[in-house]
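Data block below; observations after.
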Amino acid sequence: MNAPTLGEQSGLQRIGQAMAAHDYARAATLAADLARASPGLAPAHQLHGAALLAAGRLDEAEKALREALRLDPGLTRAATQLSEVLVSTDRAVEARAVIAPFVARPDADLVVLTAEATALKSLRQSNDAATAFERARLAAPNSAVAEHNLAGHYGDMQRYAESEAAATRAFAKGLDAPQTWLVHARALQGLGRLDEAAVAYGEAIRRHPTFADAHGDLAQLVWMRTEDVAASAQALNFAIGAWPNDPGLRLQKARLLEYAGQPREAYEGLMAAPAEVRASSQVETAAANLAGGFNPAAALDHARRAFALNPDEMTVVAALCQAQLAAGEAEAAVQTALIIRHKWSLNQHGVAMLATAWRILGVDAWRELYDYERLVRGFVLETPEGWGALDAYIADLAAALERTHRYRGHPIGQSLRFGSQGELNPFEAADPAIAAFFPTLRKAIARYIAELGHGVDPLRARIAEDFSFSGAWSVRLRPGGYHANHIHPMGWISSACHLVTPPGIATGQDGWLSFGQPGIPTAPPLPAEHFVKPEPGVLVLFPSYMWHGTAPFHGEGMRLTAAFDVLPG
């Protein structure tokens, strides 16, 4: 490969200056001009791809980066940037293939190894991703960024002690970024060091006063500890007053109010924002989802405006479908749900809302998706090795799960109300009863999958040779507590394993699992159709797209469950 001419070097320098100034449109134009003038100059195509990637023009970026690698197969930056494009477009297997030759080199650097780790993480190969992040840290022992990346990944794996240690090393190596303080705060919260976590969230906000994620996490922490809406919103209110044009802050407050049981107040807060804030697709989407329960016509107006602004965002399309169902436009909702099924086929929202629209219209196809007798199944747990009887194991497991509940209130964004949630790690658990739980479940899950048979529907079409757990948690409901009707949008098979049930659950249907009633407003309203009585030691499995919830229970006692999602592969 020939060295660049002086003119080409000058052109590359100008592109680099535009990139450094974050003027990606100019950088892309300069790079495209240079690539046309010097079509054999690989760095010109690489910089063109980098500028397009930074501007979010992923299809064009991929073409430019592939051309750079064709011209110079050893161009590392083109490979890592192409890997980023491929991961962003759900092609992590291709991403790994692109960077594999670079990862195999003994001198593989931080950027290459981080790209490998990111692809592995996208493939849900968390342990392998952790190994790659560790290798990246060793390749750049003075890099605080490598420590930050490792801390973030360990936090996602619920390995909070390791996450906290890596974040501390990042600070020691000179990193003082608000994002690292956020990772640190989440690790401290996961370790149960709640006062320290609150301080760390505050440090993230002090460094970035409009840091919406940090504000949201701090508000949630205060809410779960106190169930005091005013105290939870205090930092958000101050920030909104200082930065009234920031949409992220208003969206976080609306989310807090919604899950604290104040959807009208959440909506009114968004409507009180300046016009330029209300005009964003994110705010229009949130307003549509909030208004559906009390003003379907307004919800539909908001959803249509959001769709006009951003028709390629899944949450926007889902909000439009939801608003159409609330407004009684079931035929239109079918077409919108089919868009979700086509563009985001694994997202369960599309299946749930398509089935809901079909049910309203009387289309027989919905019954295959909501065949309760075939798809909602209960399995008595087998007694794990080391316990003499199932009752003894359930008692030990319930006691262990009780220790995971550190809060009074429910988390923001989840279905439970008037109760608390504890985290479970399917892969690492110190308590013997929790460690035995997930291996115990596998036989029942395998039987459920095997008995589904073969088919092309959204559930059976995804059956693979194996399955894995994706997230796990415990829920403790107090009297009056319940689960709002919901689905698990990123799941495949979902669950509820009952461990402790309140005394009054045997009569009526208080506290029972219910299926079929949408967790969104519909016109006409649709009632639940199928109920399952909770019994200690019984695991209930069902499709993640199926609307489900619980009725409140009253009287004494508590309702304690463990739950998880299953994904194929």
Side-chain angles (χ1 to χ4, degrees), residues 83 86-98 100 116-132 153 156-158 314 337-338 340-352 354-355 365 368-379 381-382 424-429 437-473 487-497 539-546 548 562-569:
S83 172
L86 294 170
V87 169
S88 298
T89 52
D90 297 323
R91 290 179 288 164
V93 173
E94 291 181 55
R96 289 201 68 199
V98 166
E116 165 80 344
T118 302
L120 287 165
K121 186 171 183 174
S122 180
L123 291 167
R124 296 186 292 110
Q125 298 178 22
S126 297
N127 289 328
D128 291 339
T131 300
H153 182 62
D156 291 341
M157 293 179 72
Q158 300 176 22
M314 189 272 158
L338 288 172
I340 300 173
R341 293 288 299 132
H342 175 70
K343 297 180 75 169
W344 302 281
S345 60
L346 299 184
N347 193 295
Q348 305 299 291
H349 266 127
V351 187
L354 181 61
E368 182 180 359
L369 296 173
Y370 274 66
D371 183 346
Y372 304 110
E373 296 301 322
R374 183 172 63 88
L375 299 179
V376 180
R377 301 283 307 282
F379 301 85
L381 291 181
E382 290 193 1
L424 301 180
N425 190 331
F427 310 107
E428 294 186 10
F437 182 55
F438 295 97
T440 301
L441 298 169
R442 292 192 67 87
K443 187 175 290 187
I445 298 167
R447 180 180 164 192
Y448 176 82
I449 293 170
E451 292 178 357
L452 289 172
H454 299 287
V456 296
D457 57 87
L459 182 65
R460 292 181 294 177
R462 295 178 66 186
I463 293 175
E465 292 184 0
D466 199 3
F467 60 85
S468 61
F469 294 105
S470 173
W473 56 95
I487 63 164
H488 296 220
M490 300 314 297
W492 175 46
I493 296 169
S494 293
S495 66
C497 186
L539 168 68
V540 182
L541 296 172
F542 49 89
S544 296
Y545 62 71
M546 191 173 277
H548 60 284
F564 53 87
D565 284 338
V566 174
L567 291 177

Discussion item. So, using side-chain contact (heavy atoms from CB on, under 4.5 Å) as the criterion, who are the partners of Asn347 when residues are at least two apart?
Written reply: Met314, Trp344, His349, Pro489, Met490
Response to the item:
Closest non-hydrogen contact found for Asp565 with Ser544 is OD1-OG, 4.3 Å
Worksheet item: For His342, does its backbone N or O pair with a side-chain atom of Ser345 as donor and acceptor, under 3.5 Å?
Response: no
Acceptor/donor pairs from residues 454-462 side chains to any protein atom, 3.5 angstrom cut, sequence neighbours excluded:
residue	atom	partner	partner atom	Å
Asp457	OD1	Leu459	N	3.1
Asp457	OD1	Arg460	N	3.0
Asp457	OD2	Arg460	NE	2.5
Asp457	OD2	Arg460	NH2	2.9
Arg460	NH1	His454	O	3.0
Arg460	NH2	Glu368	OE2	3.4
Arg462	NH1	Gly491	O	3.4

Item to complete: Name all residues meeting the ring-ring contact (aromatic ring centres under 6.0 Å, His included) criterion together with His548; count only those two or more places apart in sequence or in a different chain, and write none if there are none.
Response: His486, His488, Phe542
Worksheet item: Can you name the residues that form a ring-ring contact (aromatic ring centres under 6.0 Å, His included) with Phe469, not counting sequence neighbours?
Response: Phe438, Phe564
Worksheet entry | Atom pair CZ (Phe467) and CD1 (Ile449), whose distance is rounded to the nearest 0.5 Å | 5.5 Å
Item to complete: Return the minimal non-hydrogen interatomic distance between Val351 and Tyr545, and the atom names on each side.
Response: CG1-CG, 3.5 Å
Discussion item. Please report the interatomic distance CD1(Ile445) to CG(Leu539), rounded to the nearest 0.5 Å.
Written reply: 6.5 Å
Discussion item. Taking salt bridge (charged side-chain N to carboxylate O under 4.0 Å, His left out) as the definition, give me every residue that meets it alongside Glu94, ordered by chain and number, with sequence neighbours left out.
Written reply: Arg66, Arg91
Worksheet, complete the sentence: Nearest heavy-atom contact between Met546 and Tyr370 is CA-OH, 3.3 Å
Worksheet entry | Tyr448 side chain vs Val376 backbone, donor-acceptor pair below 3.5 Å | no
Worksheet item: Does the Gln348 side chain pair with the main chain of Leu346, one donor and one acceptor, at a distance under 3.5 Å?
Response: yes
Response to the item:
Between the CG atom in Leu452 and the CD1 atom in Ile493, the distance rounded to the nearest 0.5 Å is 6.0 Å
Practice prompt. Starting from the C-alpha separation in whole Å, work towards a yes-or-no answer on side chain to side chain contact (heavy atoms under 4.5 Å, CB included) for Ser495 and Val566.
Written response: CA-CA 8 Å; Ser495 66; Val566 174; over 6 Å; no
Atom pairs and distances, donor-acceptor, side-chain atoms in residues 124-132, under 3.5 Å, two or more places apart:
residue	atom	partner	partner atom	Å
Arg124	NH1	Ser468	OG	2.9
Arg124	NH2	Pro568	O	3.2
Thr131	OG1	Asn127	O	3.2

Worksheet item: Side-chain contact, heavy-atom cut-off 4.5 Å: Leu381 with Leu441?
Response: yes
Practice prompt. Only counting residues at least two apart or in another chain, list the ones meeting salt bridge (charged side-chain N to carboxylate O under 4.0 Å, His left out) with Asp90.
Written response: none
Item to complete: Name all residues meeting the side-chain contact (heavy atoms from CB on, under 4.5 Å) criterion together with Glu373; count only those two or more places apart in sequence or in a different chain, and write none if there are none.
Response: Asp371, His530
Worksheet entry | Closest heavy-atom pair and its distance - Ala95, Val87 | CB-CG2, 3.8 Å
Fill in: Residues that Lys343 engages under side-chain contact (heavy atoms from CB on, under 4.5 Å), provided they are two or more places apart
Asp312, Ile339
Item to complete: Would you check if Phe379 and Lys443 make a side-chain contact, meaning some heavy-atom pair closer than 4.5 Å?
Response: no
Practice prompt. Name all residues meeting the side chain to side chain donor-acceptor pair (under 3.5 Å) criterion together with Glu116; count only those two or more places apart in sequence or in a different chain, and write none if there are none.
Written response: Arg96
